[in-house]
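Take a look at the structure set out below.
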Amino acid sequence: MVLRTQRLEMAVASFGAVSKTPFPFRCPLFLHARRRSSAPAADTLATEPDSFIAEVHPGGPSSPPPKPNGKSSGGTQASDWKMLSSKELGIKNSMIPKPTRTVLNGLKKKGYDVYLVGGCVRDLVMKRIPKDFDIITTADLREVKKTFSHCNIVGKRFPICHVHVNDCIIEVSSFNTLRRKQHHGLTCIARNADCSEHDYARWNNCLGRDFTINGLMFNPYSKLIYDYLGGMKDIKKAKVRTVIPANISFQEDCARILRAIRIAARLGFRFSKETAYSVKDLAGSVLRLDKGRILMELNYMLAYGAAENSLRLLWKFGILELLLPMQAAYFVSQGFRRRDKRSNMLLAMLANLDKLLAPNRPCHNSLWVGILAFHQALVRQPRDPLAIAMFTFALHNGGNLAEAMDIARRITHSHDSDFPELLEPRGWDTDEELINEVLDFASSVGSALSLMTDEYSVSQAMAKYPQAPYSDLVFIPLQLYLRVCRIFECVKSGQRERGFITKRGNKINYYALAQGGLAEVRHVFARVVFDTVFPLNNNNEELSLA
């Protein structure tokens with residue numbers, strides 16, 4: 001019998017890798033890929049670039065924007081300003097999702113100026129699929145709310161509109177709102193007579209952004225991208241740089257430290273020297289964030305296809321031990337240096353998770369929390385690879401240990417012997433002995449999860465490694481804890497769950513995965529673990545079962 005690598009048949013399902021062909025936009029936006037109209041509706045941007053409504057701009061697209069006097073204290077000079085053609089950069093209308101076009105056109109018809117802004121413009125320039133699309137408009141938020149029937153204003157410090165288009169939420173901010181916010185650390189510069197009001201408003205808004213590469217503004221009607229901060233230059237240099245001096249920026253909003261980590265991890269960028277110094281110097285300030293915000297930021301790092309790089313950067317800059325103390329303690333126990341290029345079992349699992357995810361195809365946070373708990377159980381007590389394989393198969397098939405054991409015993413492919421979490425295979429005298437080992441392991445995974453959500457247990461784990469800074473942070477709420485417990489319940493019972501339907505085929509349902517669908521989360525979890533413990537043999541694509 002033959003077992004194809006990455007397609008291990010788990011009785012009735014496979015663990016094969018899936019195509020990385022991206023959806024046009026992120027979950028839940030990809031729901032709209034279900035149907036496509038044959039012709040563009042009257043209230044949407046047409047799909048051909050020539051049908052964009054042209055915006056009249058003095059001097060034409062090739063002219064640079066007029067400049068104000070002077071230079072901001074953040075270091076952005078007038079000579080850095082650029083105005084680029086989106087067409088020449090290869091950006092097409094079809095790259096903008098239909099729900100976003102609906103909002104753009106709705107505001108444009110009312111006579112307001114509208115722009116795409118932030119990370120989505122950066123990603124379009126880099127030929128990447130944006131996680132989401134943010135809009136800024138000259139309309140007041142109250143006017144935005146009047147324009148769309150399903151719209152509400154959220155946020156107190158920086159209010160924005162959430163416009164609901166079918167199953168999507170489009171975030172819309174207003175120039176008028178941001179104009180009332182003072183940019184700390186910046187000198188207000190008077191406008192030259194030859195600097196248009198539009199340019200001055202756009203430039204002032206960009207000064208309030210976090211990083212230069214997020215300060216690009218795109219008008220899809222005129223096909224122009226405005227770069228007032230040198231963002232294009234930093235994209236070419238693969239550099240993350242704050243708009244205002246980094247120490248001021250991070251003190252103003254410490255969440256920017258985590259966003260800097262996330263952006264650098266996802267894009268493979270490095271920090272500017274000043275930004276890197278401030279990230280390390282002010283790392284401890286992230287503990288001022290509330291636990292819900294920390295969970296959200298970590299989910300952005302670990303659930304969107306850049307988990308391995310994120311963990312490496314968190315460790316490099318001394319943040320891992322603050323947010324994930326147990327995982328930092330593991331790094332210390334492994335003798336990991338801050339700039340270590342080696343891997344370990346945790347990083348290998350996250351790397352395999354990344355292969356299955358993307359910015360527009362995220363997973364539910366219960367999946368990566370479950371992976372952390374699973375690994376912690378192995379750190380506390382290493383296990384036989386056969387028992388781990390059986391645990392994995394049982395998890396996938398709803399708890400049928402007999403079926404899982406039959407598949408596990410037929411594996412001839414060797415495990416990764418470099419991981420100390422894996423014991424050398426032993427001979428199991430009886431099936432009952434192996435089943436008891438799997439049940440014990442399932443129980444230990446549950447215990448590891450409990451310890452991760454207990455402040456005292458976290459602090460005790462850190463006490464074993466005095467080299468790592470002390471932290472007892474627990475940010476996993478009860479609801480998420482119970483959801484992760486649900487993933488492993490079927491194995492602990494030792495019997496197939498009542499009404500459980502085994503997933504068939506290797507194609508991942510990304511909508512169900514993002515929503516935390518139990519079968520989908522278990523399927524991806526099992527694939528990640530199996531591919532880590534029994535890694536792909538590059539020299540032989542087909543593996544045989546005994």
Side-chain angles (χ1 to χ4, degrees), residues 23 26-31 131-132 167 169 255 258-259 261-263 265-266 286-287 289-314 319-320 322-328 330 346-347 349-377 395 445-446 448-455 458 473-489 508-529 532:
F23 286 81
R26 75 176 174 108
C27 175
L29 298 181
F30 56 67
L31 284 176
K131 180 173 66 71
D132 48 20
D167 297 312
I169 297 177
L258 299 182
R259 288 203 295 273
I261 294 286
R262 181 219 311 171
I263 292 170
R266 183 192 162 203
V286 300
L287 292 177
L289 296 170
D290 64 69
K291 294 180 179 180
R293 180 61 183 275
I294 290 174
L295 175 61
M296 182 186 76
E297 292 292 344
L298 280 176
N299 190 59
Y300 282 146
M301 292 183 196
L302 304 180
Y304 287 79
E308 181 195 6
N309 286 344
S310 294
L311 217 67
R312 287 184 182 275
L313 285 176
L314 288 172
I319 303 175
L320 187 66
L322 302 176
L323 305 185
L324 293 169
M326 286 189 166
Q327 283 64 43
Y330 166 70
L346 178 57
L347 290 173
M349 282 198 290
L350 294 180
N352 283 319
L353 177 65
D354 290 339
K355 293 175 184 177
L356 304 177
L357 304 178
N360 60 321
R361 300 184 314 190
C363 68
H364 192 269
N365 54 16
S366 61
L367 176 56
W368 60 261
V369 172
I371 288 174
L372 296 183
F374 172 87
H375 177 256
Q376 272 298 304
L395 190 71
V445 173
L449 177 62
S450 296
L451 293 176
M452 285 175 56
T453 58
D454 178 75
E455 292 180 358
V458 171
L473 176 67
V474 171
F475 58 84
I476 300 173
L478 177 61
Q479 184 178 11
L480 178 56
Y481 165 77
L482 294 175
R483 195 154 192 166
V484 179
C485 286
R486 183 78 177 87
I487 297 174
F488 304 112
E489 276 182 3
I508 296 175
N509 181 330
Y510 281 97
Y511 177 75
L513 182 64
Q515 298 300 309
L518 190 58
E520 211 64 45
V521 169
R522 285 174 174 172
H523 171 73
V524 175
F525 180 95
R527 285 173 61 166
V528 168
V529 172
T532 303

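Here the structure is a predicted model, which means the values were calculated and not measured.
- For the residue pair Asn365 and Asn299, the shortest heavy atom distance occurs at CB-OD1, 3.2 Å.
- Leu449 has its side chain within reach of Val369: a pair of non-hydrogen atoms, C-beta onward, lies under 4.5 Å apart.
- Counting only heavy atoms from C-beta outward, the side chains of Ile508 and Arg361 never approach each other to under 4.5 Å.
- Listed by chain and residue number, Phe374, Phe488 satisfy the ring pair (Phe, Tyr, Trp, His ring centres under 6.0 Å) test with Phe525 (two or more places apart in sequence, or in another chain).
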Item to check | Intermediate values then yes/no, side-chain contact (heavy atoms from CB on, under 4.5 Å), Ile294 and Leu473 | outcome: CA-CA 10 Å; Ile294 290 174; Leu473 176 67; 4.0 Å; yes
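- Ring planes of His375 and Tyr330: perpendicular class, angle over 60° (limits at 30 and 60°).
- Rounding to the nearest 0.5 Å places OH of Tyr304 at 10.0 Å from CG of Asn360.
- Note: Ser366 OG to Gln515 CD = 11.0 Å, rounded to the nearest 0.5 Å.
- Nearest heavy-atom pair across Asn352 and Val528 is ND2-O, 4.1 Å.
- Note: Leu320 CG to Arg312 CZ = 12.0 Å, rounded to the nearest 0.5 Å.
- Contacts of Arg259 classified as side-chain hydrogen bond (donor to acceptor under 3.5 Å, both in side chains), with partners at least two apart in sequence or in another chain: Asp210, Asp253.
- In this structure the side chain of Leu258 never reaches within 4.5 angstrom of the side chain of Arg293, judged on heavy atoms.
- Counting all heavy atoms, side chain and backbone alike, Ser310 lies closest to Ala265 at OG-CB, 3.4 Å.
- A side-chain contact (heavy atoms from CB on, under 4.5 Å) with Val524 is found for exactly one of Asn509, Val529, Leu367, Ile371, namely Leu367.
- Scored by the side-chain hydrogen bond (donor to acceptor under 3.5 Å, both in side chains) test, Gln327 finds no partners at all (sequence neighbours excluded).
- Proximity of Leu346 to Leu372: side-chain heavy atoms (C-beta onward) are separated by under 4.5 Å at one or more points.
- Atom CG of residue Leu289 and atom CG of residue Leu295 lie 12.0 Å apart, to the nearest 0.5 angstrom.
- Taking 4.5 Å as the limit, some side-chain heavy atom of Leu314 sits within range of a side-chain heavy atom of Met301.
- Ala377 and Ala448 make their closest contact through N-CB, 3.8 Å (heavy atoms, listed as atom of the first residue, atom of the second, distance).
- Between Leu357 and Leu302 the shortest heavy-atom distance is CD1-O, 4.4 Å.
- Side-chain atoms of Lys355 and Glu308, non-hydrogen and from C-beta on, never get closer than 4.5 Å to each other.
- Contact of the Leu513 side chain with the Leu356 side chain is not registered, since no non-hydrogen atoms from C-beta on lie closer than 4.5 Å.
- The shortest heavy-atom contact between Gly516 and Arg483 is O-NH2, 3.5 Å.
- The side-chain heavy atoms of Ile487 and Leu395, taken from C-beta on, include a pair separated by under 4.5 Å.
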